[in-house]
Amino acid sequence: MEKMKTLRGFRDISGEELGKFRLIEAVSRKHLRLLGFSEMDIPILEKTELFVRSIGDTTDIVEKEMFTFTDMGGDSLTMRPEATAGMVRAYLQAGLYVKERVSKLFTIGPMFRHEKPQKGRFREFHQLDVEVFGVDDPLIDAELLWMIHGVLTELGVENYTMEVNSVGCPACRDTFRRVLVDYFRTKSDLLCEDCNRRLERNPLRIFDCKHGQCIDVSRGSPLLFDYLCGDCKVHLDVFLRHITDFGVLVTMNKRLVRGLDYYTKTVFEVTSDELGAQKAFIAGGRYDNLVEEMGGPKTPGTGFAIGMERLALLARAEPTNIVPTYFFAYLGERARGYLVPLLKAFADAGLPLAYTYDGRSLKSQMRYADNLNADFVFILGDDEIDKGIVVLRDMKTKAQCELLLEPSTIPREALKLSGE
RNA sequence: GUGGCUGUAGCUCAACGGUAGAGUACCUGGCUGUGGACCAGGGUGUUGCGGGUUCGAUCCCCGUCAGCCACCCCA
């Protein structure tokens with residue numbers, strides 16, 4: 001039989017990387033709690049329509065990147081490619097808009113996009129997704145960036161850039177879109193094939209093109225910034241003022257746009273040069289019309305998502321292990337008889353105890369304990385049993401002492417000694 | 001979806017078309033009851049998979065799968 005392997009772009013995550021994930025989660029949860037967020041787990045599988053309606057049917061995600069299939073009942077289902085759509089659905093389904101003025105929610109879990117894998121990009125990847133419903137005030141947008149700043153600092157992420165912009169509301173965006181199309185039409189022969197396609201479908205995205213000539217052309221283009229309506233302009237100004245109040249450093253990038261249709265006003269992206277081509281590891285923005293478009297009452301929203309895999313590549317902070325680890329080396333059947341009582345005693349004390357199942361030579365067990373990075377090793381053989389003691393060896397100092405061979409008191413005694 | 005590079009031991013990588021190797025890791029012993037260093041021994045392998053060419057393929061050819069990098073796009 002052929003060896004079974006994970007699907008392309010799917011991975012088993014363990015060891016150091018999983019440790020980074022857990023650390024990111026712990027640090028983020030702490031900061032989220034300080035700002036009154038509560039966690040919500042939502043399904044991975046939803047009706048396809050949910051994503052088509054929220055993300056937009058002409059976006060790349062919906063057009064070619066979703067894991068979609070038909071279930072036995074004939075419904076089209078999709079593995080979520082992002083979390084916001086599901087969060088909005090859950091918000092409406094729970095009727096949170098009548099229960100509370102403001103809902104601050106977050107969720108952590110896998111997302112799925114059928115893309116070609118490369119550095120920092122997988123078909124199954126993990127996001128920590130944060131959403132706020134019910135707040136118009138740009139203070140909340142600034143607050144989110146402030147929180148991100150705090151999380152990144154605590155994780156030891158240093159070289160990153162926060163870029164912000166406003167994509168306006170549907171009103172000013174439509175005006176601008178016409179101006180932009182007019183401009184690029186006059187230069188269409190200078191634009192690459194992709195950009196000519198974008199010109200018809202989503203002209204804002206021409207700003208994202210990496211071709212030298214397209215960059216030159218878009219450099220001379222009009223900017224949405226200059227076409228923002230009064231409301232959007234004020235929102236942006238207040239947002240930037242609050243950013244300053246929080247003392248967070250951001251860069252205004254007037255050409256920053258987003259790939260999902262639902263964004264309005266504030267958009268932002270946190271990038272790092274250490275990530276290669278996919279340099280954005282946190283991105284988000286405001287979506288003031290999405291809840292209404294999804295069939296709810298008019299409710300402003302704003303949020304962001306952290307790409308866990310990408311942030312894990314940047315996080316320098318290490319998870320710290322404060323509990324000492326113990327190993328039980330036993331010689332012979334009589335000594336092995338103490339294994340289960342000791343395991344029970346250590347479990348009661350909430351301490352981990354490692355051991356071998358085959359009780360090989362002491363040398364071998366010591367080597368094993370060393371590989372496990374054990375701080376202390378208990379050594380028990382016939383000599384000790386006859387004397388009614390057990391030897392406790394400190395692996396770092398090599399100092400050894402004797403403890404009374406009484407399983408119920410050993411964990412406490414050992415902890416006392418290792419505290420020194 | 002497109003393009004380039006790459007698939008050999010747990011890991012990093014060798015091997016002119018001629019019996020698959022090294023370093024490291026791991027196991028055992030030296031030390032019959034004490035880890036790391038040292039010494040000796042041990043290869044743990046469907047050379048990703050499937051075909052083809054050949055007396056003979058890890059090597060050449062085709063296909064396929066996977067990984068990496070870039071594009072598209074995105075966290």
Side-chain angles (χ1 to χ4, degrees), chain A residues 1-11 15 24 55 58-66 80-84 108-130 148 192-195 197-198 202 205 208-211 257-260 268-272 275-284 303-314 327 329-332 335 356 358-385 391-400:
Chain A
M1 174 153 171
E2 204 177 317
K3 249 187 240 171
M4 302 293 283
K5 289 192 300 189
T6 52
L7 297 169
R8 168 169 242 195
F10 286 68
R11 306 179 310 139
I24 292 167
I55 299 169
T58 63
T59 56
D60 275 46
I61 291 180
V62 169
E63 277 192 336
K64 53 183 202 189
E65 294 174 3
M66 296 204 302
R80 62 183 184 191
E82 55 104 55
T84 302
I108 303 174
M111 308 292 156
F112 304 85
R113 290 184 199 171
H114 199 280
E115 299 182 272
K116 196 144 175 180
Q118 65 188 77
K119 186 183 177 78
R121 171 194 289 172
F122 306 96
R123 288 185 173 179
E124 180 188 36
F125 60 102
H126 297 77
Q127 287 189 342
L128 192 158
D129 182 82
V130 176
I148 290 170
C192 69
E193 214 176 296
D194 286 330
C195 283
R197 212 176 58 235
R198 291 186 181 108
N202 199 346
R205 310 239 64 199
D208 275 350
C209 190
K210 286 162 189 164
H211 287 100
V257 294
R258 315 256 53 243
L260 285 66
F268 58 88
E269 227 172 64
V270 187
T271 63
S272 166
L275 290 174
Q278 289 73 229
K279 57 192 186 115
F281 61 99
I282 299 176
F304 65 88
I306 295 177
M308 300 285 288
E309 282 82 356
R310 293 181 186 179
L311 178 51
L313 290 172
L314 302 171
F327 184 92
Y330 59 93
L331 295 153
T356 63
D358 52 12
R360 344 170 207 181
S361 73
L362 182 59
K363 178 193 182 75
S364 174
Q365 294 191 59
M366 292 300 290
R367 189 145 52 198
Y368 191 65
D370 190 46
N371 284 353
L372 294 177
N373 243 317
D375 297 302
F376 297 92
V377 174
F378 293 100
I379 299 168
L380 187 67
D382 289 335
D383 297 351
E384 287 79 12
I385 293 172
V391 169
L392 176 60
R393 177 182 178 84
D394 183 326
M395 293 295 272
K396 290 198 180 58
T397 66
K398 296 184 177 184
Q400 295 193 172

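Any value given below was found using the heavy atoms of this structure, including those in side chains, with hydrogens, waters and symmetry copies removed. To find a chain, count down the sequence lines: A is the first, B the second, and so on, and within it residues start at 1.
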Distance-minimising heavy-atom pair for A:V377 and A:A329: CG1-CB, 4.1 Å

C1'-based separation of B:G45 from B:C38 [nearest Å]: 30 Å

OP1 or OP2 of B:C73 under 4.0 Å from side-chain N/O of A:T59: no

Separation of B:U34 P from A:D383 CG (nearest whole Å): 12 Å

Steps toward salt bridge (charged side-chain N to carboxylate O under 4.0 Å, His left out) verdict (A:R113, A:E82): CA-CA 9 Å; A:R113 290 184 199 171; A:E82 55 104 55; 5.9 Å; no

Sugar-phosphate only, base, or nothing, as touched by A:R258 at under 4.0 Å among non-hydrogen atoms: sugar-phosphate

Gap in Å between the two P atoms, one belonging to B:G10 and one to B:U53, rounded: 32 Å

Atom-pair distance (CZ on A:R123; P on B:G67), nearest Å: 8 Å

Pairing partner of B:C5 (Watson-Crick or G-U wobble, both distances under 3.5 Å): B:G67

Base-pairing mate for B:C11 - Watson-Crick or G-U, with both contacts under 3.5 Å: B:G23

Nucleotide opposite B:U34 in a Watson-Crick or G-U pair, distances under 3.5 Å: none

All side-chain hydrogen bond (donor to acceptor under 3.5 Å, both in side chains) counterparts of A:K279, not counting sequence neighbours: none

Touch class at under 4.0 angstrom, heavy-atom based, for A:L260 against every strand present: sugar-phosphate

B:U12 to B:C71 separation - C1' atoms, rounded to the nearest Å: 30 Å

Exercise: identify the closest heavy-atom pair between A:Q127 and A:A305: OE1-CB, 3.6 Å

Minimum-distance pair of heavy atoms, taken over all atoms of A:G9 and A:F122: O-CB, 3.4 Å

Quiz item: A:Q365 side-chain donor-acceptor pair to B:U34 base, under 3.5 Å: no

Sugar-phosphate only, base, or nothing, as touched by A:T6 at under 4.0 Å among non-hydrogen atoms: nothing

Pairing partner of B:G50 (Watson-Crick or G-U wobble, both distances under 3.5 Å): B:C62

C1'-based separation of B:U24 from B:U44 [nearest Å]: 14 Å

Sugar-phosphate, base or nothing in reach of A:A369, heavy atoms under 4.0 Å: nothing

Distance below 4.0 Å between A:Q127 side-chain N/O and B:A75 OP1 or OP2: no

Touch class at under 4.0 angstrom, heavy-atom based, for A:K363 against every strand present: base

B:G29 OP1/OP2 closer than 4.0 Å to side-chain N/O of A:S361: yes

Nucleotide nearest A:R360 when distance is taken to its side chain, options B:U28, B:C72, B:G33: B:U28

Contact under 4.0 Å: A:N371 side-chain N or O vs B:G36 OP1/OP2: no

Touch class at under 4.0 angstrom, heavy-atom based, for A:G9 against every strand present: sugar-phosphate

A:F268 versus A:G303, closest heavy-atom pair with distance: CZ-O, 4.0 Å

Separation of B:G1 P from A:R121 CZ (nearest whole Å): 13 Å

Pairing partner (Watson-Crick or G-U wobble, both distances under 3.5 angstrom) of B:A40: B:U28

Identified pairing partner of B:A57, criterion: Watson-Crick or G-U wobble below 3.5 Å: none

Which nucleotide in B:C68, B:G35, B:A75 has an atom nearest any side-chain atom of A:K398: B:G35

No-H, no-angle donor-acceptor pair, A:E384 side chain to B:G33 base, under 3.5 Å: yes

Interatomic distance where CG belongs to A:L128 and P belongs to B:A75 [whole Å]: 15 Å

Proximity to the side chain of A:K5 - top-ranked nucleotide from B:C65, B:G67, B:C69: B:C65

Matching residue for A:R123 among A:R11, A:M111, A:E65, A:H114 - test: side chain to side chain contact (heavy atoms under 4.5 Å, CB included): A:H114

Nucleotide B:A75, atom C1' - distance to CD of A:E124 in whole Å: 14 Å

Out of B:A75, B:G1, B:A70, whichever nucleotide has its closest atom nearest the side chain of A:H114: B:G1

Between B:A75 (P) and A:D129 (CG): distance, integer Å: 11 Å

OP1 or OP2 of B:C65 under 4.0 Å from side-chain N/O of A:R8: no

Touch class at under 4.0 angstrom, heavy-atom based, for A:F125 against every strand present: base

Minimum-distance pair of heavy atoms, taken over all atoms of A:R360 and A:L331: O-CD2, 4.3 Å

Nearest-Å distance once atom C1' is located in both B:U19 and B:G43: 15 Å

Minimum-distance nucleotide (side-chain atoms of A:R113 versus B:A75, B:C31, B:C72): B:A75

Spacing between A:R393 atom CZ and B:G35 atom P, to the nearest angstrom: 7 Å

Spacing between A:K279 atom NZ and B:C73 atom P, to the nearest angstrom: 15 Å

Sugar-phosphate only, base, or nothing, as touched by A:F122 at under 4.0 Å among non-hydrogen atoms: base

Non-hydrogen atoms of A:L260 and A:T59 that approach each other most closely: CA-CG2, 4.3 Å

Distance between C1' atoms of B:C55 and B:C65 (Å, rounded): 31 Å

Pairwise P distance, B:C68 and B:C16 [rounded to whole Å]: 28 Å

Whole-angstrom distance between B:G67 and B:G33, as gauged at atom C1': 48 Å

Distance test, side-chain N/O of A:R367 to OP1/OP2 of B:U28, below 4.0 Å: yes

First encountered from the 5' end of RNA chain B, between A:I306 and A:K116: A:K116

Options B:G35, B:G33, B:C73, nucleotide nearest the side-chain atoms of A:D370: B:G35

